[in-house]
Amino acid sequence: MDLRFTADQRDFRDEVRTWLAENIPAEPLPPMDTPEGFEAHRGWERILFDAGWSVVNWPEAYGGREVGLVEWLLFEEEYYRSGAPGRVNTNGITLLGPTLFAYGTPEQHERFMRPMAAGDEIWAQGWSEPDSGSDLASISTRAIRDGDDFVLNGQKTWCSRGAWADWMFCIVRTDPDSERHRGLSYLLVPADSPGLERRPVGRLDGEPAFAELFFSDCRVPAVNLLGEEGQGWSVAMATTSSERGLNLRAPGRFLAAAGRLADLYRRASAEHDVDPGVLDQVVRAWMAADAYRWQTYATASRLQAGGELGASASMMKVFWSELDVELHATALRLLGSHGELVADAPEAVDAGSWMSGYLFALSGPIYAGTNEIQRNIIAERVLGLPRK
Ligand SMILES: Cc1cc2nc3c(=O)[nH]c(=O)nc-3n(C[C@H](O)[C@H](O)[C@H](O)COP(=O)(O)OP(=O)(O)OC[C@H]3O[C@@H](n4cnc5c(N)ncnc54)[C@H](O)[C@@H]3O)c2cc1C
């Protein structure tokens with residue numbers, strides 16, 4: 001096994017690093033879960049796209065550079081290390097994008113990939129329903145074929161950035177007599193469809209980070225079906241694999257946080273005595289972030305050699321989500337009472353980002369399929385234990 005990067009990969013990393021250093025906004029953008037922040041982040045997506053950095057591993061025809069997975073991982077490391085703005089179209093480029101490449105028709109590729117890469121069309125995921133979260137196969141939103149359209153009725157919830165997104169990718173029941181995984185379809189729904197009402201849902205901090213979607217005889221053209229009618233569950237599983245495994249949370253995100261945590265420790269220990277137990281936690285968090293990095297490079301090599309991610313995506317999801325909580329909890333232990341200061345408090349450390357990061361990290365074991373569900377999957381499909 002050769003763990004060194006090639007000369008081309010090192011050059012690629014240097015190019016990313018230089019471009020980011022010269023181009024990231026001097027001032028932080030407003031939070032992405034506000035109307036003005038959403039549009040500011042959309043503008044940043046356009047800058048990335050114009051410079052060819054929006055979707056580096058996509059084909060050139062859609063704005064990419066056609067680099068491999070290892071280069072994409074290097075890009076992510078540099079991106080997070082630089083402190084560049086969050087990606088407002090993550091649901092599009094990291095979840096729907098790979099699914100569209102795998103299941104979309106050539107016409108759908110032409111129609112959707114470039115606007116997605118450029119941030120002209122920002123996507124949200126419309127899967128969860130009030131009575132269907134973990135048990136996604138129990139969804140009841142119906143889409144009944146009527147001529148060239150499907151007619152949707154039902155409700156979705158917890159749709160991240162759904163209040164302002166331009167499009168939603170939804171799982172709907174197209175066979176009203178079906179049960180469970182059968183009779184589902186994957187539908188691409190324009191946010192301005194007549195009969196679709198979006199109601200923003202406030203997060204604990206008050207920002208409307210989610211939306212509920214209400215479909216009342218909402219007509220969506222049948223050409224917006226992704227995959228075959230009734231094949232929705234298989235298509236959705238391709239998306240969940242991206243969501244849990246490789247694409248949504250690349251190691252660069254946690255490496256950067258671990259680096260900031262080590263820096264916080266240095267600053268804190270220069271100012272006052274720090275409990276040696278906390279140093280141990282800082283080191284463990286840093287090592288775990290590095291372990292996740294190498295595990296991911298191993299996975300990328302396996303995928304490039306024709307392997308599949310499969311149920312190991314669930315192990316990655318449990319690992320990154322618990323690591324994120326631990327990283328931020330350790331920072332809060334270091335900060336003591338200062339950790340509770342909000343962003344604009346004069347003595348807030350790192351603009352209060354450790355507390356806001358901690359609160360968001362707490363949702364990691366819930367979104368993308370809860371960790372209890374991932375552990376069920378690991379037990380059954382990786383360890384071969386009997387279903388309960
Ligand atoms: C920050 C955030 C963003 C989100 N964004 C989106 C989005 O953009 N689009 C979208 O569609 N959804 C989104 N969700 C919703 C998310 O997918 C669901 O919250 C998640 O799937 C859990 O579903 P639920 O909330 O209905 O909980 P439930 O399914 O009701 O689960 C409640 C509890 O019971 C446990 N449980 C349930 N079944 C089992 C079982 N069989 N074995 C063991 N334990 C079990 C769960 O682990 C959980 O602890 C988001 C959630 C969060 C927190």
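Remember, it's 1-based here, ligands and their atoms both numbered in the order they're listed.
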Which atoms of ligand 1 sit under 4.0 Å from any heavy atom of Ser363? 1 (C), 53 (C)

Return the closest protein heavy atom for atom 25 (O) of ligand 1 as residue, atom name and distance. Trp158 NE1, 4.3 Å

As a quick check of understanding, evaluate salt bridge (charged side-chain N to carboxylate O under 4.0 Å, His left out) for Arg198 and Glu212, giving each step before the final call. CA-CA 6 Å; Arg198 299 189 276 175; Glu212 290 177 304; over 6 Å; no

Does an N or O anywhere in Glu372 fall below 3.5 Å from an N or O of ligand 1? yes

Does NZ or CZ of Arg65 fall inside the cone over Trp53's six-membered ring, less than 6.0 Å from its centre and within 45° of the axis? yes

Classify the side-chain pair Glu197/Ser216 by whether it contains a donor and acceptor separated by less than 3.5 Å. no

Test: Arg145 cationic atom under 6.0 Å from Phe150 six-membered ring centre, within 45° of axis: yes

Quiz question: by atom type and distance under 3.5 Å, do the side chains of Asp350 and Trp354 form a donor-acceptor pair? yes

With a heavy-atom distance limit of 4.0 Å, tell me whether Ile373 approaches ligand 1 through its side chain, its backbone, both, or neither. side chain

For atom 16 (C) of ligand 1, is the nearest protein heavy atom under 4.0 Å away? yes

What part of Asn376 sits under 4.0 Å from ligand 1 if we count only heavy atoms: the side chain, the backbone, both or neither? side chain

Closest to atom 8 (O) of ligand 1 (heavy atoms only, candidates Gly162, Gly364, Ser160) is Ser160

Is the shortest distance from atom 35 (C) of ligand 1 to a protein heavy atom below 4.0 Å? no

Tell me whether the NZ or CZ atom of Arg87 lies within the 45° cone about the ring axis of Tyr79 and under 6.0 Å from its centre. yes

Is the NZ or CZ atom of Lys156 positioned over Trp158's six-membered ring, under 6.0 angstrom from the centre and within 45° of the axis? no

Does a side chain donor of either Asn371 or Ser321 reach within less than 3.5 Å of an acceptor in the other side chain? yes

Which of these, Trp123, Phe360, Tyr367, has its nearest heavy atom closest to atom 50 (C) of ligand 1? Tyr367

To the nearest 0.5 Å, what is the distance between OG (Ser138) and CD (Glu179)? 11.0 Å

Nearest neighbour in protein (non-hydrogen) for atom 9 (N) of ligand 1: Gln125 O, 2.8 Å

Ser132 N/O under 3.5 Å from ligand 1 N/O: no

Does an N or O from Trp127, backbone or side chain, lie closer than 3.5 Å to an N or O of ligand 1? yes

Exercise check, heavy-atom protein proximity under 4.0 Å to atom 19 (O) of ligand 1: yes

Any side-chain donor-acceptor pair under 3.5 Å between Ser82 and Arg17? no

Return a yes/no value for Thr370: is any of its N or O atoms, backbone included, closer than 3.5 angstrom to an N or O of ligand 1? yes

Aromatic plane relationship, Tyr186 with Trp127 - under 30° parallel, 30 to 60° tilted, over 60° perpendicular: perpendicular

Do you see a protein non-hydrogen atom under 4.0 Å from atom 12 (N) of ligand 1? yes

Output yes when the distance from some N or O of ligand 1 to some N or O of Ser134 is under 3.5 Å, and no in every other case. yes

Can you check atom 32 (C) of ligand 1: any protein non-hydrogen atom closer than 4.0 Å? no

Starting from atom 21 (O) of ligand 1, find the nearest protein heavy-atom neighbour and note its residue, name and distance. Gly133 C, 3.7 Å

